[in-house]
Novice: 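Input: one structure, supplied below.
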Amino acid sequence: MKLDNMFKKTKYSTLRRNEHKAESVRPEVPEGLLRKCNKCGAAIIAEDVKKDAYICPKCGGYFRMHAYRRIEFVTDEGSFKEWDRGLETKNPLEYKGYLEKLRGLKEKTGLDEAVITGKAEIDGIETVIGVCDGRFLMASMGEVVGEKIARAVERATKERLPVILFACSGGARMQEGITSLMQMAKTSAALKRHSDAGLLYISVLTDPTTGGVTASFAMLGDIILAEPKALIGFAGPRVIEQTIGQRLPKGFQSSEFLLEHGFLDGIVERSNLKGTLANILKLHADGGCSPENMQDILKKSLDTGTQTAAAQKTEPDGKEEPDAGQAKELSPWERVLRSRMQERPVGSDYIESLFTDFIEFHGDRLFKDDHAVIGGVARFCGMPVTVIAQAKGTNTKENIDRNFGMPSPEGYRKALRLMKQAEKFGRPVICFVDTPGAFCGLEAEERGQGEAIARNIYEMSSLKVPVLSVIIGEGGSGGALAMATADEVWMLENSVYSILSPEGFASILWKDSSKAKEAAKVMKLTAKDLCRLGVVEKVFEEPQNFSKENFEQVTGALRAEMARFLSEYKRMSKEELSEYRYMRFRNM
């Protein structure tokens, strides 16, 4: 028994000595080399994360990025020049320990406050930039933060430069009380002057963006972008849950949630951020093309488009009889059916074919992003334009997502937001109309469908930039007019434009929707009829069995006429454009 116990003790001691020996020769991990991802819990190598734009290699989660590192990441190397360093933070509430805490943070982070501002270049374009740093009191907005942002925006206004602000903040700074609250008004007022000067402001929201920052400069951008899965909201989730006594749904107040609800133009992966910002800046830097410069820009399009149109025997004028043979024999009802064909190219096809560098912007900034309307900024033969299309799908799934091309109020409000943005930056507006009509439903009425349509017509009538609308399929009622109150309206040969669908017309006047074929004949809804009535200016012939396979036969002629339109209307003053458009409809 004693021998057994001695053997066990000896064996145990030997094992412990071996373990200790193994531990002594095991390579140690240098302090700080390994970190734990606070999203997935995985052990990760810190240096790898830094090289990969501060993204977890295991789960793809985003870590917060220090301000100077962010500036290095999105600006051209060596181009950043910092402004207003060293402003002194005061203690308006004489809050105990506040100044001592600030001194400690300055030593720990190397920052003088929670935001870095200055001037830099992004792909060669000069811009003013401000970046919040969450290491400094969670980038809360005190007096110095508000002052640095306001000074940067004021200097940008004076030098006529765009502004990009990266928000990352817990909100107002409690230690400064009402003084912190006033920074919301200060920064917002400075941005209003910058906007009134016709200058671009891009807001980029990172995790987290909350409180008074969300209720001021963060949500005032001409274009608002966000990083994936960032927390964005006025009241933090903990405050909301304590107030209402309920658990919040998963994904609430995330970037994706805000995009769906219409408050963001887009979510951009960190690796694509510099390129996206550069493209947006370039599209806005070229916004004020003079008529003289436009002649050179559009010459290539005119030559190419004219040759294409001639080769296809297209008669863009539309006021003469087309000579397409069989096409002129189609009845009005047959043209209605062709306007609805599944194979017919849709709005997104025209954007892809006629424009380059298209960047889609989302949301009405009020409630939702309506997928029945696509809109954004693009180039037409090198010239920046705003392009908006009512969007049908190419299959059942897409049609359901786009509500079969029937916009809700949010779709019209998104379109109008982009049109007003175009007016601010002097960009022509080109609309593609293709809708059976505005969506008729309980929710649409609750959110003001009639008001949204009326507001579009009202504002479009006096836009100070050229506006062209092309009806590419169905042009149904006020839902179409809300995107066709333009200087000129063009139609494709087998598109239709009417007060109501033939089925609806027959149902109202004859109490029999089955008489839609007879109604189509009575309604004068074909392109040729409407050209004779002076409702549309140009009609474009279509090939037989019109589809994406023979799409260029139509877009070639469109391209040439669009070039002529822009060349002509860009020469007109703002006042002339408004008067011309007013008289166009006044004389109908």
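Atom set for the values below is all heavy atoms of this structure, side chains included, hydrogens, waters and symmetry mates excluded.
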Novice: For a salt bridge (Lys or Arg N to Asp or Glu O under 4.0 Å) check, start with the C-alpha distance between Arg335 and Glu542, then their side-chain angles and the critical distance, and finish with the verdict.
Specialist: CA-CA 11 Å; Arg335 294 191 191 276; Glu542 299 176 19; over 6 Å; no
Novice: Can you tell whether the side chains of Lys192 and Asp196 come within less than 4.0 Å, N to carboxylate O?
Specialist: yes
Novice: Can you tell me how far apart OG1 (Thr75) and CD1 (Ile125) are? Round to the nearest 0.5 Å.
Specialist: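 One gets 13.5 Å once the value is rounded to the nearest 0.5 Å.
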Novice: Looking just at side-chain N and O atoms, do Gln390 and Asp434 make a donor-acceptor pair shorter than 3.5 Å?
Specialist: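 There is no such pair (donor and acceptor under 3.5 Å, judged by atom type) between the side chains of Gln390 and Asp434.
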Novice: Let me confirm one number: the CD1-CG distance from Ile223 to Leu200, rounded to the nearest 0.5 Å.
Specialist: 5.5 Å
Novice: For the pair Ser188 and Leu220, evaluate side chain to side chain contact (heavy atoms under 4.5 Å, CB included) and give the outcome as yes or no after the intermediate values.
Specialist: CA-CA 8 Å; Ser188 300; Leu220 294 175; 3.5 Å; yes
Novice: Salt bridge between Lys420 and Asp222, side-chain N to carboxylate O under 4.0 Å?
Specialist: no
Novice: Can you tell whether the side chains of Glu474 and Lys392 come within less than 4.0 Å, N to carboxylate O?
Specialist: yes
Novice: Going by atom types alone, do Thr157 and Glu154 pair a side-chain donor with an acceptor below 3.5 Å?
Specialist: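 No - no donor-acceptor pair under 3.5 Å links their side chains.
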Novice: To the nearest 0.5 angstrom, please state how far the OG1 atom of Thr187 sits from the CG atom of Leu165.
Specialist: 9.0 Å
Novice: Which is it for Val385 and Arg427 under the side chain to side chain contact (heavy atoms under 4.5 Å, CB included) test, yes or no, and what are the steps along the way?
Specialist: CA-CA 5 Å; Val385 297; Arg427 288 193 299 265; 5.5 Å; no
Novice: Taking Asp76 first and then Lys274, would you say they form a salt bridge - that is, a charged N and a carboxylate O separated by under 4.0 Å?
Specialist: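 Salt bridge between Asp76 and Lys274, a charged N being under 4.0 Å from a carboxylate O: yes.
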Novice: Going by the ring-ring contact (aromatic ring centres under 6.0 Å, His included) test, which pairs reach into residues 427-473, not counting sequence neighbours?
Specialist: Tyr350-Phe432
Novice: Between atom CD of Glu537 and atom CD of Glu561, what is the distance when rounded to the nearest 0.5 Å?
Specialist: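 Between atom CD of Glu537 and atom CD of Glu561 there are 12.0 Å.
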Novice: Is it true that Asn279 and Thr276 share a donor-acceptor pair across their side chains at a distance under 3.5 Å?
Specialist: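 Asn279 and Thr276 do not have a side-chain donor-acceptor pair below 3.5 Å.
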Novice: Would a distance-only check, ignoring hydrogens and angles, find a side-chain to backbone donor-acceptor pair under 3.5 Å from Thr555 to Leu558?
Specialist: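 Such a contact is absent between Thr555 side chain and Leu558 backbone.
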Novice: Does one side chain, of Thr127 or Lys119, offer a donor that lies under 3.5 Å from an acceptor on the other?
Specialist: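 Result is no, nothing qualifies.
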Novice: Do Arg379 and Thr356 have side-chain N/O donor and acceptor atoms under 3.5 Å apart?
Specialist: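 Distance-only check fails for Arg379 and Thr356.
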Novice: Check this for me, if you would: do Glu552 and Arg559 make a salt bridge, where the nitrogen-to-carboxylate-oxygen distance has to be below 4.0 angstrom?
Specialist: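 Looking at Glu552 and Arg559, the cut-off is met.
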Novice: Between Glu126 and Arg160, is the closest basic N to carboxylate O distance under 4.0 Å?
Specialist: no
Novice: Arg402 and His371: which non-hydrogen atoms are nearest, and at how many Å?
Specialist: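 Nearest heavy atoms, Arg402 then His371: NH1-O, 2.7 Å.
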Novice: Rounded to the nearest 0.5 Å, what separates atom OG in Ser255 from atom CG in Leu259?
Specialist: 8.5 Å
Novice: Is it true that the side chains of Tyr569 and Glu488 contain a donor and an acceptor less than 3.5 Å apart?
Specialist: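 Yes, side-chain donor-acceptor contact under 3.5 Å.
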Novice: Run the numbers on Arg413 and Glu451 for side chain to side chain contact (heavy atoms under 4.5 Å, CB included), then give the verdict.
Specialist: CA-CA 10 Å; Arg413 288 170 181 146; Glu451 190 280 337; 2.9 Å; yes
Novice: Does Thr206 use its side chain to pair, donor to acceptor, with the backbone of Ala167 at less than 3.5 Å?
Specialist: yes
Novice: Short question: side chain of Asn550, backbone of Ser547 - any donor-acceptor pair under 3.5 Å?
Specialist: yes
Novice: Ignoring hydrogens and angles, state whether a donor on the side chain of His362 or Asp265 is under 3.5 Å from an acceptor on the partner side chain.
Specialist: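 The criterion, which ignores hydrogens and geometry beyond distance, is not satisfied for Asp265 and His362.
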Novice: Under 3.5 Å, side chain of Asp487 to main-chain N/O of Val467, donor-acceptor pair present?
Specialist: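 The answer is yes, because a donor-acceptor pair under 3.5 Å joins these two groups.
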Novice: Does the side chain of Gln183 come under 3.5 Å of the side chain of Lys186 through a donor N or O and an acceptor N or O?
Specialist: yes
Novice: Using atom types as modelled and distance alone, determine if a side-chain donor or acceptor of Ser469 lies under 3.5 Å from a backbone N or O of Met483.
Specialist: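 Present.
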Novice: Between Arg155 and Glu159 (salt bridge meaning N to carboxylate O under 4.0 Å), is one present in this structure?
Specialist: yes
Novice: Out of curiosity, Leu264 CG to Ile224 CD1, how far, rounded to the nearest 0.5 Å?
Specialist: 6.5 Å
Novice: Go through the steps to decide whether Ile374 and Ser348 satisfy the test side chain to side chain contact (heavy atoms under 4.5 Å, CB included), and finish with yes or no.
Specialist: CA-CA 8 Å; Ile374 300 172; Ser348 56; 4.0 Å; yes
Novice: Tell me whether Lys414 is salt-bridged to Asp369, with the criterion being a basic N under 4.0 Å from an acidic carboxylate O.
Specialist: yes
Novice: Identify whether the distance between the nearest side-chain nitrogen and carboxylate oxygen of Lys548 and Asp349 falls below 4.0 Å.
Specialist: yes
Novice: Do Met419 and Ile388 have side chains that get closer than 4.5 Å, going by heavy atoms?
Specialist: yes
Novice: With a 4.5 Å cut-off on side-chain heavy atoms, are Leu281 and Ile202 touching?
Specialist: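 Sidechains of Leu281 and Ile202: in contact.
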Novice: Which pair of non-hydrogen atoms, one from Ala438 and one from Gln449, has the smallest distance, and what is that distance?
Specialist: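 Looks like CB-NE2, 3.7 Å.
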Novice: Does Lys528 come within less than 4.0 Å of Glu541, counting only side-chain N to carboxylate O?
Specialist: no
Novice: So, does Asn272 use its side chain to make a donor-acceptor pair with the main chain of Val268 at under 3.5 Å?
Specialist: no
